[in-house]
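Scroll down for the structure; my scribbles are underneath it.
Any value given below was found using the heavy atoms of this structure, including those in side chains, with hydrogens, waters and symmetry copies removed. Because the structure is predicted, anything quoted here is derived from the model rather than measured.
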Amino acid sequence: MIRTCAAILGLLALAGCAADKPPPEQPAFYLDMAHGGAKLDPAVAASMISGYRANNGLGPVTVDPELMQVAETQSMAMAKRNKMDHDVAGKLPKRLAAAGYPATLAVENIGAGYHTLAEAFSGWRDSPPHRANMLKNGVTKLGIAASYAPDTKYKVFWTLVLASTDQR
């Protein structure tokens, strides 16, 4: 009887310790962007895309604050108008010039309806023109944004801008 009580108390103590341990954190690429306050981690996006590029024999991309703003402006414009369209905030070269960004090479992917970075990445990877943009030879910088618009058809609007300022 004493052994049984000791065993039960030991198990309860272990269970109490397990309850104090926080649950494992969800990977950032699975964070649901379809709610207010969700923040996209651009470093995770750069890592995912750089890994994909490396698997295809290409160099990495790094997060560029100016491209982040260009992507954010585009995503917010699409969300505001409830429309997925590359030109909703103006053509990419014009948007880059307006931001004072000296791109020598630039491409853009947009998307809507993907709730996570993993979904957006997979959608772009599985689309030949979007895949070609992510695998564009010569790009070295990235800006990415996801804008949440709860009263729209798609809920989340995505923009990925890849560019280079290197002279060719």
Candidate pair Leu142 and Asp64, rule side-chain contact (heavy atoms from CB on, under 4.5 Å), full reasoning: CA-CA 6 Å; Leu142 152 151; Asp64 183 285; over 6 Å; no

Check: Thr165 side chain, Pro102 main-chain N or O, donor-acceptor pair, under 3.5 Å: no

Nearest non-hydrogen partners of Ile110 and Thr159, listed with the distance: CG2-OG1, 4.1 Å

Lys83 (side chain) donor-acceptor with Met78 (main chain) under 3.5 angstrom: no

Ser75 side chain vs Ala145 backbone, donor-acceptor pair below 3.5 Å: yes

Sidechain-backbone polar pair: Thr152 side chain, Ala149 backbone, donor-acceptor under 3.5 Å: yes

Distance, nearest 0.5 Å, that separates CD1 of Ile144 from CE of Met48: 8.5 Å

Closest heavy-atom pair and its distance - Val156, Tyr148: CG2-CD1, 4.3 Å

Minimum side-chain heavy-atom gap Lys141-Ser164 below 4.5 Å: no

Residues, nucleotides or ligands: over 12 heavy atoms within 6.0 Å of Met76 CE: no

Minimum heavy-atom distance Ala146-Leu40, with the two atoms named: N-CD2, 3.9 Å

Contact check, side chains of Met68 and Val63, non-hydrogen atoms, under 4.5 Å: yes

Side chain to side chain, Arg53 and Pro60, heavy atoms closer than 4.5 Å: no

Non-hydrogen side-chain atoms of Ile49 and Leu160 separated by less than 4.5 Å: yes

Audit row: Tyr52, Leu58, side-chain contact (heavy atoms from CB on, under 4.5 Å) steps and yes/no: CA-CA 9 Å; Tyr52 182 59; Leu58 297 166; over 6 Å; no

Any donor-acceptor N/O pair, Ser47 side chain to Ala43 backbone, under 3.5 Å: no

Non-hydrogen side-chain atoms of Leu96 and Val70 separated by less than 4.5 Å: yes

Residue pair Val161 / Leu92, side-chain heavy-atom distance below 4.5 Å: yes

Co-membership, hydrophobic cluster, residues Val139 and Trp124, 4.5 Å side-chain: yes

Sub-4.5 Å side-chain heavy-atom contact between Arg95 and Thr73: no

Verdict with reasoning, His86 to Lys91, per side-chain contact (heavy atoms from CB on, under 4.5 Å): CA-CA 7 Å; His86 283 280; Lys91 295 194 179 299; over 6 Å; no

Close side-chain approach of Thr62 and Thr140, heavy atoms under 4.5 Å: no

Ignoring hydrogens and angles, write down the donor-acceptor pairs under 3.5 Å from the side chains of residues 126-138, residues two or more places apart or on other chains.
| from | atom 1 | to | atom 2 | distance (Å) |
| --- | --- | --- | --- | --- |
| Ser127 | OG | His130 | ND1 | 2.6 |
| Arg131 | NH1 | Arg125 | O | 2.8 |
| Asn133 | ND2 | Glu108 | O | 3.1 |
| Asn133 | ND2 | Asn109 | OD1 | 2.8 |

Atom pair OG/NZ of Ser147 and Lys80 - distance to nearest 0.5 Å: 12.5 Å

For the student: nearest non-hydrogen atoms of Glu119 and His115, plus distance: OE1-N, 2.6 Å

Ring centre gap for Phe121 and Tyr114 strictly below 6.0 Å: no

